[in-house]
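One structure coming up, written as structure tokens, with questions to follow.
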Amino acid sequence: MDDARRLTRREALVRGGAAAAGLAFLPSDVTARLERLAPQEAVVPWLDELPGGGRSNLLDWQALTSWVTPSDQLFRVGHYGFPELGAEGWTLSVTGLVRRPLSLTLPALRARPRREITCTIECGGNRGFGTFMGAVHNARWAGTPLAPILEEAGIAEGGIEVVFFGADEGEEEIRGNTVRQNFGRSLSVPDATDPNILVAYEVNGGPLPTQNGFPLRLVVPGWYGVASVKWLDRIEVHATRFQGRFMARDYVTLRQEEEGGVWVETSVGRGRINSMPARVTRDGQRYRVHGAAWGADLERVEVRVDDGPWRPATLGEGQGDRLTWTFWSLDWDRPASGEHAITSRAVSSTGEIQPAADDPLIALKATYWESNGQLTRRIAIT
Ligand SMILES: Nc1nc2c(c(=O)[nH]1)N[C@H]1C(S)=C(S)[C@@H](COP(=O)(O)O)O[C@H]1N2
Ligand SMILES: [Mo]
């Protein structure tokens with residue numbers, strides 16, 4: 001297919017989608033909002049197109065239409081598959097080093113104070129390999145805060161680690177033994193008492209989709225997705241640090257230190273500063289680059305075209321909320337025809353800059369997790 005025809009097909013697809021969503025309410029100000037595509041605007045396809053959807057239901061960046069990811073568009077990761085579980089009789093137990101063990105039914109959890117939080121969750125493996133590029137979502141979760149549950153159970157003397165288990169399980173080979181294990185992840189007691197952590201039973205105003213943890217999951221805002229345990233049915237307080245597969249074997253970053261050359265292994269934990277050019281739109285001769293940034297308290301996002309200067313983007317929806325992604329855009333007037341490279345980088349309020357691809361933080365990293373380096377996308381202007 002030649003480029004002109006591809007463009008036409010994309011335009012039709014994107015416009016069709018927008019029309020179906022009811023574009024009648026289009027506001028006059030379309031700046032920095034990916035979800036609002038003016039009728040005369042068209043998406044210019046990337047040359048390095050990234051497939052969305054698939055088994056992991058990855059985000060299609062070019063077709064990104066909404067700041068809140070609709071529930072049927074949430075990416076999903078299930079290391080032991082995606083169990084279809086019933087809500088009937090579900091209980092969440094809180095045991096181990098606690099003074100008052102608890103067993104909480106779903107009605108009991110729903111009767112507790114309800115809290116909603118909108119947050120961006122990214123898989124620690126996002127962008128780490130091949131086309132696994134859209135493992136991030138921004139959704140509005142509802143549930144009850146974890147901290148008061150832990151408070152009620154009462155961490156007993158010596159309890160340092162809160163371990164969360166899902167009902168999903170698999171066989172693991174561990175030092176010569178074959179054992180069955182549930183998916184498990186832990187947080188230290190101070191990390192687990194973060195008031196933003198939810199035991200969630202709803203997303204975007206509806207039940208959790210099966211693949212995203214129905215009927216109950218943990219939501220740990222500000223952390224890579226692996227911390228947000230799905231199909232949650234057991235919380236244990238331990239006296240020792242938990243070294244399960246998803247803490248200490250998988251989701252471990254191996255990186256060489258720039259000074260001294262020492263190799264260090266760290267468990268994937270808190271999210272990292274990140275950004276992504278999502279798409280370029282064209283309105284006559286006016287082009288605009290749109291994208292998203294997340295993983296830090298953002299101060300600004302900058303965009304570079306080819307080897308030009310870094311230019312500040314206009315921040316849009318999500319600005320000022322460190323737990324959600326922020327949409328951004330940059331006007332790109334009258335680009336020369338031919339191929340161009342577009343790179344974005346996020347900068348945090350503490351001055352942290354999203355690392356370049358050749359930054360030692362990225363270049364000296366041997367594993368694919370925490371791949372938050374700047375990404376360059378290619379586009380042809382005709
Ligand atoms: N029980 C359970 N919880 C889990 C997982 C899992 O395999 N089993 N995968 C984790 C990983 S690696 C990620 S990235 C997030 C993804 O959440 P989502 O599938 O709702 O997008 O779920 C986390 N919680
Ligand atoms: Mo993940």
Side-chain angles (χ1 to χ4, degrees), residues 52-60 68-85 90 92 117-130 132-143 146 163-172 180-187 197-204 206-236 242 244-253 267-272 274 294-295 325 367-372:
R55 202 175 61 92
S56 304
N57 206 24
L58 298 175
L59 175 70
D60 180 352
V68 171
T69 313
S71 299
D72 63 355
Q73 289 172 32
L74 301 172
F75 83 87
R76 49 180 89 121
V77 171
H79 289 283
Y80 299 133
F82 300 97
E84 281 183 40
L85 304 168
W90 192 272
L92 171 64
I117 195 159
T118 302
C119 63
T120 292
I121 295 182
E122 178 184 20
C123 176
N126 187 37
R127 297 186 28 201
F129 48 91
F132 194 68
M133 290 283 187
V136 56
H137 49 54
N138 185 64
R140 187 163 52 85
W141 305 93
L146 171 71
V163 193
F164 304 88
F165 290 101
D168 51 332
E169 57 167 20
E171 218 159 70
E172 297 288 348
R180 288 198 76 75
Q181 283 192 325
N182 290 99
F183 181 92
R185 265 291 292 203
S186 71
L187 293 168
I197 301 176
L198 292 187
V199 173
Y201 41 70
E202 274 178 31
V203 65
N204 299 333
L208 301 177
T210 301
Q211 299 92 336
N212 303 98
F214 183 86
L216 197 68
R217 76 174 299 169
L218 197 65
V219 171
V220 187
W223 287 61
Y224 276 112
V226 69
S228 292
V229 176
K230 301 189 284 189
W231 309 293
L232 179 71
D233 65 356
R234 189 159 46 104
I235 299 176
E236 291 180 5
F242 180 68
R245 170 177 161 193
F246 302 99
M247 293 299 290
R249 296 204 297 288
D250 273 354
Y251 292 88
V252 171
T253 293
S267 186
V268 170
R270 285 173 206 282
R272 287 176 181 261
N274 210 342
W294 64 92
W325 60 17
T367 46
Y368 59 76
W369 292 284
E370 303 183 276
S371 290
N372 68 322

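Order of listing sets the numbers, starting from 1, for every ligand and every atom in it.
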Once salt bridge (charged side-chain N to carboxylate O under 4.0 Å, His left out) is applied, do any residues pair with E370, and if so which ones, sequence neighbours excluded?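 Only R272 meet the salt bridge (charged side-chain N to carboxylate O under 4.0 Å, His left out) criterion with E370.
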Applying salt bridge (charged side-chain N to carboxylate O under 4.0 Å, His left out), can you list everything that pairs with E171, at least two apart in sequence or on another chain?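 Partners of E171 under the salt bridge (charged side-chain N to carboxylate O under 4.0 Å, His left out) test: R180.
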Measure the spacing between OG of S71 and CD of E202 and express it to the nearest 0.5 Å.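 The CD atom of E202 is 10.0 Å from OG of S71, to the nearest 0.5 Å.
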In a simple table, one pair per line, please give the protein and ligand 1 atom names for every N or O pair closer than 3.5 Å, along with the distance.
| from | atom 1 | to | atom 2 | distance (Å) |
| --- | --- | --- | --- | --- |
| ligand 1 | 1 (N) | D168 | OD1 | 2.8 |
| ligand 1 | 1 (N) | D168 | OD2 | 3.2 |
| ligand 1 | 1 (N) | K230 | O | 3.0 |
| ligand 1 | 3 (N) | K230 | N | 2.9 |
| ligand 1 | 7 (O) | H79 | N | 2.8 |
| ligand 1 | 8 (N) | D168 | OD2 | 2.7 |
| ligand 1 | 9 (N) | V77 | O | 3.4 |
| ligand 1 | 17 (O) | R217 | NH2 | 3.3 |
| ligand 1 | 19 (O) | V77 | N | 3.1 |
| ligand 1 | 19 (O) | K230 | NZ | 2.5 |
| ligand 1 | 20 (O) | N212 | ND2 | 2.9 |
| ligand 1 | 20 (O) | R217 | NH1 | 2.6 |
| ligand 1 | 21 (O) | F75 | O | 2.6 |
| ligand 1 | 21 (O) | H137 | NE2 | 2.8 |
| ligand 1 | 24 (N) | S228 | O | 2.9 |

If you round to the nearest 0.5 Å, how far is OH of Y224 from CH2 of W369?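 So the gap between those two atoms works out to 12.5 Å.
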How long is the gap from CG on L92 to CG on L232, to the nearest 0.5 Å?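 Atom-to-atom, L92:CG and L232:CG are 5.0 Å apart.
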Can you give each donor-acceptor pair under 3.5 Å made by side-chain atoms of residues 206-215, sequence neighbours left out, with the distance rounded to 0.1 Å?
| from | atom 1 | to | atom 2 | distance (Å) |
| --- | --- | --- | --- | --- |
| N212 | ND2 | F75 | O | 3.2 |

